[in-house]
Amino acid sequence: MSRKIHIFDTTLRDGEQVPGAKLNKKQKLEIAQQLAKLNVDIIEAGFPCSSPGDFDAVKAVAQQVKGPVIAALARAVKEDIDIAAEAVREAERPRVHVFLGSSDIHIQKKLRRDRESALDMAVEAVKYSRNLCDEVEFSTEDGSRTDFEYLCRIIEATIQAGARIINVPDTVGYALPEEFGDLIHRLREKVPSLDRSVLSVHCHNDLGLAVSNSIAAIRNGADQVECTVNGIGERAGNASLEEIVMVLKTRFENYHATTGINVGEIYRTSRMVSRLMNIPVQPNKAIVGSNAFSHSSGIHQDGILKDRTTYEIMKPEDLGIKQESIVLTARSGRAALRHCLGEIGFSLDPEVFERVYNRFIDVADRKKDIAAEDLKSIVEIEVSKVPETYRMHNLQIMSGTKMVPIASVTLERDGQLHTDSATGDGPVDAAFNVIERITGVSGKLRDYDLKAVTMGRDALGEAMVRVQIGNTLYSGIGSSPDVIEASARAYLNAYNRYFANGGVENVQISDSPVSTDRKL
Ligand code: KIV
Ligand code: ZN
C-alpha cells in the first residue's frame, strides 16, 4: 500500500523570483515542456499580474503544455484573480492559486488589517476565484508562524468557500521538522474538512530544512509538496524537487509514498533550469551536483570498483546521468553531429542546428575531442540565446605577471565590425571593459561563476555572469576552451539580453553581498 504525493513544481514562479533568473516566453515554455516530461503533477507557471510579459508566458504554457495542471498565482484581490484565471483559462486543467498572509505579523504589519477582516478577505477571494476557475488553491502565507486556532478557522472557511487545495507554507523557512510535522498532524485532526481537500505544504530553505520539513509533512499527512528544480527560489530557495522525490523513492519502506516523477528526466531538467536561468548548481548539491556521484578517495574508488553499492545509494543512470561514449572531433561532419545530438536527446530545428554546428566547429578546432558534456553545453547555450545585437568576432588578450592586462575585442553589429581595446585589473576585467566601451553601456558585475564542463586540461570552460545595468539584472552564459573567452561571451550574452529587452525587465536589486569587485 502506498500513498501518491502530488508534486507541485514552482520553479517557474517562486524559482523565477531569484534576481536575474527572469525567463522570456520561449524559455519558460521550454522548461514547462521539460517539467511535463518529468511528469510533475502541477506546474505553477507564474504570477501573471506581475507583468504583461509573465501573463503572456503563463498563457502560452497553459495553451501548449499538456499533462500537468497549470497553475497561476494571485494575491487575494479581484484584479490579480481575474488576470490569473484568464492566463490559465485555456489549460487542459487550470488552477488559480490565491494566497493571503495569515500570521499576525503579516496581517498587522503587511496587510494592516485584523484577523477577522483578513479571514473575510480570504473567503471572498476564494469565492470569487471559484466563479472563474473550477480548481482553486488557497495558501495561508506564513502558515507556520500563524496562531493554530486561527489557522484552523481560515482553512475551514476557505474550504467552505470552495478551495479544493489548502497549502500551508513555511514562508520564511523558520519551522523545524518535528514541529512542522506536528502542525500538519494537528491540522488533520482539528479540521475534518481537510479530508475532502488536498493538503499541501510549501517550505523555504532559510535554515537548510526545506526538504526535511516537507518530508516530515508527508509523514504526517500532507498530500502535495511544493518544490523547485535545484531548490532555487526566494532567498535561500525552496525545497528541492529532486531531493524530495529521491528520499521517497530511496527510502520507500519508511514513508510508503510515491510520486509520479519520471526520475530518468531529473538530471536533464536540472541542467536545463540551471542554464536557462543562469543559476549554477553547487558541486556538492545532493542528487544533481557534479560531485554527487564522483568518488575521490582511494578507499572509496576501490570499493566502487568492487561493487557500486559500497558507496552509492542511488544509481546515477536512473537519474539520467550517463557517461556517453560520444567523442567528436573537428573532422566530424554534420551527419555525425546530428547522430550524437540524437544520442543525448536533442532534435534541433535546422536553423538552431546550423548555429550549433558552426559553434561546434569553432570549439573543435581548438579542443581535440568533444565529449557529450561539451556538446550539451554548446547546444544549451545556443538554444537559449537571445537575438544577438552584438556578436563576438575576435578577442585577443595580453597578460602576464608583470604587466597590466590588455584586451582587444572586435564585435559585429549589423554587419559592421567594431574594434577597441582596454586594460583591466585582470584579463577578464579588461575584456569586460572593452565590451562596455564598444556598446557604450556600462554595467556592474554582480555575480560570476566559472566551471569546467568536463575533466581534463583541455576542458571546455563555462562562465555564468549576472550584470546590473541601470536598475536591472541581466544574466549571461558562455563557453569556450579559453576561459577568458568564455567569460567575455557570457558578459556579451548578458548585454544582448539587455538590448533584446530594451531594459524593460524590472528585477528588484537587493544590496546583495555577492556584489563582485572585479579583479578577474
Ligand atoms: O512562500 C510562500 O508563502 C509563497 C506563497 C505565495 C505560496 O510562495
Ligand atoms: Zn514561496
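Throughout, numbering of the chain's residues begins at 1 and tracks the sequence.
For Glu16 and Lys22, the salt-bridge test passes: some basic side-chain N is under 4.0 Å from an acidic carboxylate O. A salt bridge is defined here as a Lys NZ or Arg NE, NH1 or NH2 lying under 4.0 Å from an Asp or Glu carboxylate O, and Glu137 with Arg164 fails to meet this definition. One finds a salt bridge joining Lys28 and Asp54 here, because a Lys/Arg side-chain nitrogen approaches an Asp/Glu carboxylate oxygen to under 4.0 Å.
Applying the side chain to side chain donor-acceptor pair (under 3.5 Å) test to every pair with at least one member in residues 31-41, sequence neighbours left out, gives these pairs: Lys4-Asp41, Gln34-Glu265, Gln34-Thr269. Every pair passing ring pair (Phe, Tyr, Trp, His ring centres under 6.0 Å) that includes a residue from residues 245-282 is listed here, sequence neighbours excluded: Phe252-His256. Legend: ring pair (Phe, Tyr, Trp, His ring centres under 6.0 Å) pairs involving residues 80-103, not counting sequence neighbours, sorted by first then second residue: Phe8-His97. Counting only residues at least two apart or in different chains, ring pair (Phe, Tyr, Trp, His ring centres under 6.0 Å) contacts with residues 60-85 are absent. Among pairs with a residue in residues 206-218, those fulfilling salt bridge (charged side-chain N to carboxylate O under 4.0 Å, His left out) read Asp206-Arg235, at least two apart in sequence or across chains. Contacts classified as side chain to side chain donor-acceptor pair (under 3.5 Å) and involving residues 208-217 (residues at least two apart or in different chains) are not found.
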Q: Just do the salt bridge (Lys or Arg N to Asp or Glu O under 4.0 Å) check on Glu189 and Arg186 with the steps written out, would you?
A: CA-CA 5 Å; Glu189 277 182 351; Arg186 286 189 294 138; over 6 Å; no
Q) Passes salt bridge (Lys or Arg N to Asp or Glu O under 4.0 Å), Arg153 versus Glu156? Steps please. A) CA-CA 5 Å; Arg153 278 183 64 209; Glu156 178 64 38; over 6 Å; no
Q.
Please determine whether side chain to side chain donor-acceptor pair (under 3.5 Å) holds for the pair His6 and Gln224, giving the CA-CA distance in whole Å, both sets of side-chain angles, and the decisive distance to 0.1 Å.
A. CA-CA 4 Å; His6 299 259; Gln224 171 180 291; 5.6 Å; no
Q: Tell me, with the steps shown, if Arg271 and Glu373 meet salt bridge (Lys or Arg N to Asp or Glu O under 4.0 Å).
A: CA-CA 11 Å; Arg271 298 276 302 193; Glu373 286 305 317; 3.4 Å; yes
Q. For Glu380 and Lys376, what are the C-alpha separation, side-chain angles and deciding distance, and is it a salt bridge (Lys or Arg N to Asp or Glu O under 4.0 Å)?
A. CA-CA 6 Å; Glu380 285 166 7; Lys376 280 184 201 162; over 6 Å; no
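Residues that satisfy the ring-ring contact (aromatic ring centres under 6.0 Å, His included) test with Tyr174, not counting sequence neighbours, are absent from this structure. Evaluation of the salt bridge (charged side-chain N to carboxylate O under 4.0 Å, His left out) rule for Asp56 yields no partner, not counting sequence neighbours. Applying the salt bridge (charged side-chain N to carboxylate O under 4.0 Å, His left out) rule to Asp147 yields the partners Arg115; only residues at least two apart in sequence or on another chain are considered. Residues forming a side chain to side chain donor-acceptor pair (under 3.5 Å) with Glu234 (at least two apart in sequence, or on another chain): Gln17. Residues that satisfy the salt bridge (charged side-chain N to carboxylate O under 4.0 Å, His left out) test with Glu44, not counting sequence neighbours, are Arg13. Legend: residues meeting salt bridge (charged side-chain N to carboxylate O under 4.0 Å, His left out) with Arg251, ordered by chain and number and at least two apart, are Glu253.
Side-chain contact of Glu462 with Ser377: a donor-acceptor pair under 3.5 Å is present, judged by distance alone. In this model, no donor atom of one side chain and acceptor atom of the other lie less than 3.5 Å apart for Asn291 and Asn284. Remark: the Ser103 side chain and the Thr146 side chain contain no N/O donor-acceptor pair separated by less than 3.5 Å. Side-chain contact annotation: Ser200 with Asn167, donor-acceptor N/O pair under 3.5 Å present.
Screening Tyr495, Phe499, Tyr498 against Tyr474 for a ring-ring contact (aromatic ring centres under 6.0 Å, His included) leaves a single residue, Tyr498.
Heavy atoms only, all atoms of each residue included: Tyr448 and Val465 are closest at CD1-CG1, 3.7 Å.
Within a 6.0 Å sphere centred on NZ of Lys66, other residues, nucleotides and ligands contribute more than 12 heavy atoms.
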